[in-house]
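Letters go in sequence order (proteins before strands), and every chain restarts at 1.
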Amino acid sequence: MNFEQLYSDFIMFHFKNNTHRGRLEDSTHTVEGSNTSCGDSITLYLTIGKGVVNAIGFEGEGCAISQASAAVMAEILEGKSLEEAAATIVNFEKMIHGEEYDGSKIGDAAFFEGLKEHPMRAKCAILPWKTAAKVLVSKQQKKTGA
Amino acid sequence: MNFEQLYSDFIMFHFKNNTHRGRLEDSTHTVEGSNTSCGDSITLYLTIGKGVVNAIGFEGEGCAISQASAAVMAEILEGKSLEEAAATIVNFEKMIHGEEYDGSKIGDAAFFEGLKEHPMRAKCAILPWKTAAKVLVSKQQKKTGA
Amino acid sequence: MSLKETSAISIKEVRNDFPVFRHYPSLVYLDNAATSQKPQSVIDAVSGFYERENANVHRAVYPLAEKSTDLYESSRSEVARFIGAERNELVFTKGSTESLNIVANALATSGRYKTFVVPTFEHHSNFLPWQYHSLKNGIKFVALPIMGAELTVTEVTESLKEVEAPFVFSIGGLINSTGYRTPFEDITELVHSFGGLTVIDGAQLVPHESFDFKKVNSDFLVFSGHKMLAETGIGCLVGRAELLDDLTPFVFGGGMVDRVSVEASSYAKEGTSRLEGGTQNISGVVSLASACRYLNKIGISAIHEHVSNLTETAREMLKEIADVTVYSPPDSHAILLFSHKRIHSHDLAEFLGRTQEVAIRSGHHCAQLQMKALGITSACRASFYLYNTVEDVKRLIEGITKAERWFL
Amino acid sequence: MSLKETSAISIKEVRNDFPVFRHYPSLVYLDNAATSQKPQSVIDAVSGFYERENANVHRAVYPLAEKSTDLYESSRSEVARFIGAERNELVFTKGSTESLNIVANALATSGRYKTFVVPTFEHHSNFLPWQYHSLKNGIKFVALPIMGAELTVTEVTESLKEVEAPFVFSIGGLINSTGYRTPFEDITELVHSFGGLTVIDGAQLVPHESFDFKKVNSDFLVFSGHKMLAETGIGCLVGRAELLDDLTPFVFGGGMVDRVSVEASSYAKEGTSRLEGGTQNISGVVSLASACRYLNKIGISAIHEHVSNLTETAREMLKEIADVTVYSPPDSHAILLFSHKRIHSHDLAEFLGRTQEVAIRSGHHCAQLQMKALGITSACRASFYLYNTVEDVKRLIEGITKAERWFL
Ligand SMILES: Cc1ncc(COP(=O)(O)O)c(C=O)c1O
Ligand SMILES: Cc1ncc(COP(=O)(O)O)c(C=O)c1O
């Protein structure tokens with residue numbers, strides 16, 4: 001994979017676009033995650049109500065891939081039911097780990113699939129999702145694939 | 001060094017000759033030594049009186065080199081004053097370790113000099129001497145070279 | 001005297017693969033239990049790594065580092081496959097000795113085990129770590145006595161009845177001094193039925209016998225690369241993932257930490273990271289995967305058959321020398337421990353090595369207690385591997401005969 | 001801008017000695033602090049060993065084993081000479097990390113020291129072993145806080161006044177994240193005057209600066225082969241003989257024991273044997289001696305001058321990029337830690353690596369606490385060695401400029 005494939009237009013668009021960046025004042029959940037092997041850290045703000053993920057915002061330090069991944073994740077999860085959100089996260093994690101996954105469940109996040117060949121950078125992409133999983137995915141869902 | 005140099009006629013003569021082998025009934029000192037890296041062990045019987053090493057006998061398991069070395073040592077040390085004996089031992093040890101030594105002090109034991117190039121077998125040759133040193137050489141003598 | 005010719009492998013081709021025999025065409029190398037020679041493909045894998053793929057692994061994103069990380073991790077998968085384990089069950093170490101120290105230290109400090117049990121025929125590397133760490137941590141240490149060189153499942157059963165559980169039982173698969181093939185599969189089952197864990201010391205076994213970690217169902221396995229055609233300085237600790245991920249680290253440093261703080265630091269969760277602190281022997285890892293490929297190409301069972309034939313041939317011929325005593329059990333594999341009644345083992349080894357170009361080992365073979373159990377302090381050991389020939393065996397026997405003429 | 005041309009070494013000849021640049025003629029390798037590339041002579045020493053000299057060391061008497069033992073021990077003498085120590089003061093290990101764990105474990109369990117002191121800018125390998133073993137053994141652990149990236153003798157003096165003696169002070173010679181050259185000579189003197197022992201982590205220093213163990217008068221020194229042109233999996237622990245011979249073993253197994261008994265075993269008296277349990281990385285040892293010969297041939301002080309010129313050139317050029325911040329102290333050697341205000345360090349390293357063939361490292365450089373002291377979580381690091389050129393520096397700078405265009 002060359003640089004342009006890794007830093008695709010899709011990723012650079014979401015990195016530069018600055019959507020979903022920032023704290024949500026009315027968030028119901030705040031959760032932190034970090035990737036100690038590279039130093040990246042992220043804080044997610046989630047507004048959850050009536051079984052639905054209403055809004056997601058994020059703050060933190062990270063490379064273009066992790067920032068884009070956070071923005072895309074927020075975009076995809078917003079408006080989803082808790083169950084749909086969990087299924088999306090579980091499938092994204094499977095995709096990044098090179099396991100079989102349900103492509104219909106993850107939408108545009110499929111653009112990150114190539115990273116499964118790059119374990120160092122896959123860690124960057126997965127950080128926001130792993131962090132969201134702390135709130136949205138139960139142990140049971142992790143096992144069954146939601 | 002080839003095999004014939006290592007197992008010289010001198011060494012084989014003393015190995016096969018079986019002199020000084022066996023326990024001394026009237027010994028004043030009995031001392032044991034072993035070389036755990038190869039399994040050899042030796043027991044020395046010394047008869048010491050009036051500041052003179054009167055007789056030495058040995059028992060034990062060991063290769064031709066260690067057995068010959070024991071026989072030669074006994075031969076050389078018998079009749080020597082304690083001081084002369086200590087000086088002989090210290091010089092033999094120096095020779096085997098490749099250090100400078102006083103050749104006039106060790107007599108026929110100089111035939112073992114070639115072993116200094118063979119650390120594994122030097123251990124065999126030195127075992128009887130190290131064992132005798134426990135009785136005959138003081139710490140002080142070791143330091144000053146007797 | 002029946003000389004079984006061995007046809008399991010094409011010996012000429014195999015010997016061509018090992019440059020040492022090009023340099024010393026008449027070398028008879030019978031010290032394989034100490035370390036093996038290396039095929040050209042392994043040597044080339046090492047040079048190739050340093051010429052084209054060398055970078056530190058895991059922590060960098062440029063292509064050369066990605067190449068070396070890929071190579072490192074794909075080697076882990078290959079080596080794991082070679083012994084029937086999963087990639088997350090295999091930790092790279094310096095060798096069997098380090099592996100055994102890692103696991104003995106971790107199990108001793110876990111506070112979970114009451115007793116460590118080790119048979120007394122073990123190599124010092126599978127004895128001292130258990131002895132040291134049990135004494136240090138107030139764990140009972142049981143050195144199972146042996147009669148001669150063998151240990152039956154019945155004897156082990158009797159001993160285990162006295163042992164306080166939970167316990168750890170560490171046993172060699174193939175004993176390095178005598179070539180005794182232990183019944184480690186049955187013992188593993190037995191130990192589990194008594195509520196114990198097993199550690200298999202595969203240093204001699206893995207080079208000679210196809211091993212299936214899952215099937216054997218042992219808890220841990222260790223082995224060394226250098227005895228199976230790979231570089232020195234590389235070995236493995238294999239453990240069932242749930243056990244491995246639970247071991248206390250042995251070496252603290254770069255790569256095994258999660259978060260460092262002045263008060264207390266936390267360590268990586270997976271055993272494969274947590275137990276690999278500091279820069280690893282990357283070329284060693286590459287060489288081990290390459291060695292596994294070579295062994296697979298020749299075929300481990302073909303090697304086993306070939307070595308078995310050589311061992312039997314040598315055993316029969318040794319027995320015909322009146323003054324020779326063979327200490328190895330009747331069905332020992334790859335290894336023959338023997339001595340001559342009238343020539344000390346060092347003298348015999350020296351004569352064979354220097355005048356006959358026959359390399360065997362003499363001494364206690366890092367098994368002082370096994371020697372003691374046999375009533376000796378040292379002996380000669382001839383050990384065979386895939387590149388040895390019936391001609392090598394004949395040269396050994398002839399050499400002993402010549403030594404008799406020289407020494408006696 | 002003044003571009004100091006470096007003439008200390010004949011760069012063209014040097015580059016010809018390193019096959020990696022034949023395979024990747026346009027590679028700019030600036031990750032030398034992680035691991036160095038290897039010259040042909042070292043690679044050949046390793047292949048040559050496996051083709052012609054391979055046997056296990058110390059315990060056999062046939063000529064091939066004698067050859068390998070000679071090689072092993074003469075390598076010990078050569079490497080010891082390289083850092084001004086005696087051969088009985090140098091123990092071979094897997095690397096700096098293992099060396100530091102050996103000495104931390106032994107000093108912690110000796111019961112002789114009240115406090116372990118380590119500055120917080122240290123590599124994790126020179127932090128975690130001290131932290132772990134002090135906590136485990138009820139020894140006080142002092143992580144010396146730092147302002148920025150430097151530590152003055154005055155600051156250390158103040159801190160030591162509060163430290164309970166006897167203590168152990170472990171400090172890097174050249175800090176791996178920033179290239180800060182510590183005043184370890186003065187600190188050694190100071191520590192001794194306070195009744196402490198010093199350990200110098202020479203992992204980054206020894207490849208770059210001629211080191212005289214006797215003159216520095218430090219108690220221990222550690223370093224790694226792979227950062228100074230040798231194989232991975234080999235390093236050294238150097239200690240004053242009377243201290244070394246007193247260290248508790250870390251790895252128990254073959255070769256380090258004196259007498260084994262069921263009740264309790266006794267270990268070899270010399271540190272060089274007692275601390276080298278199990279089969280050692282013999283080819284690694286051979287490669288390290290070969291690397292020392294190569295470094296001597298080029299000349300360590302010539303290398304120092306060359307690398308110093310490159311570092312200064314790079315520093316000046318980096319400073320001219322408005323958005324770049326350099327964290328290394330003004331006189332850092334061989335290493336520059338920097339970041340770009342608007343391009344994350346991973347993105348920059350990835351861009352340089354994949355599009356410019358410029359290999360630098362990004363991340364926390366196994367120095368989380370140093371990052372914290374600098375108020376960052378990650379940064380880029382360029383590190384230089386003998387084969388780098390002014391052209392390499394220019395390519396780095398151009399690469400950053402291109403990255404700015406791409407990312408911003
Ligand atoms: C200063 C310093 N100390 C210790 C180490 C650890 O060395 P190794 O990984 O070779 O064990 C390193 C390597 O990165 C280092 O730079
Ligand atoms: C049965 C057995 N266990 C353990 C070891 C130790 O292996 P290493 O020296 O490679 O660490 C050996 C090597 O001689 C052995 O034969």
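- From D:S265, atom OG reaches atom CG of C:L369 across 7.0 Å, with rounding to the nearest 0.5 Å.
- Checked by atom type and distance alone, the side chain of C:Q368 never pairs as donor or acceptor with a backbone atom of D:S261 at under 3.5 Å.
- Scanning all heavy atoms of the two residues, the minimum distance from C:S47 to D:S47 falls at OG-OG, 3.5 Å.
- The distance from the OH atom of D:Y62 to the CD atom of C:E357 is 13.0 Å, given to the nearest 0.5 Å.
- Among all heavy-atom pairs drawn from D:I43 and C:E51, the shortest one is CD1-CG, 3.7 Å.
- Under the salt bridge (charged side-chain N to carboxylate O under 4.0 Å, His left out) criterion, D:E122 pairs with no residue, sequence neighbours left out.
- Taken to the nearest 0.5 Å, the CD1 atom of D:I282 stands 11.0 Å off from the CD atom of C:E231.
- Put simply, the side chain of D:N56 never gets that close to the backbone of C:N32: no donor and acceptor are under 3.5 Å apart.
- For chain D, the nearby parts of C:S362 are the backbone and the side chain; heavy atoms of each come within less than 4.5 Å.
- Listed here is the closest heavy atom pair of C:N101 and D:F250: OD1-O, 3.9 Å.
- The part of C:I360 that comes within reach of chain D is its backbone (N, CA, C, O), which places non-hydrogen atoms under 4.5 angstrom from that chain.
- Here the rule is side chain to side chain contact (heavy atoms under 4.5 Å, CB included) with C:F252, and of D:L128, D:T97, D:N105 only D:L128 fits it.
- With chain D as the partner, the residue from C:Q37, C:E98, C:H123 showing the most heavy-atom pairs under 4.5 Å is C:Q37.
- In this structure, chain D has heavy atoms under 4.5 Å from both the backbone and the side chain of C:H124.
- Here the side chain of D:Q280 pairs no donor or acceptor atom with the backbone of C:T232 at under 3.5 angstrom.
- Note that CD of D:E66 is 6.5 Å distant from CD of C:E350, once rounded to the nearest 0.5 Å.
- Between the D:Y24 side chain and the C:R52 main chain, a donor and an acceptor come within less than 3.5 Å of each other.
- Of the two parts of C:V20, the backbone and the side chain both hold a non-hydrogen atom closer than 4.5 Å to a non-hydrogen atom of chain D.
- One finds the CG atom of C:N54 at 6.0 Å from the OH atom of D:Y29 (value rounded to the nearest 0.5 Å).
- Contact of C:F21 with chain D is not made at all, since no heavy-atom distance falls under 4.5 Å.
- Separating the SG atom in C:C366 from the CE atom in D:M256 is a distance of 11.0 Å, to the nearest 0.5 Å.
- The backbone N or O of D:G254 lies less than 3.5 Å from a partner atom in the side chain of C:S125, making a donor-acceptor pair.
- Using a 4.5 Å cut-off between heavy atoms, C:F351 does not touch chain D at all.
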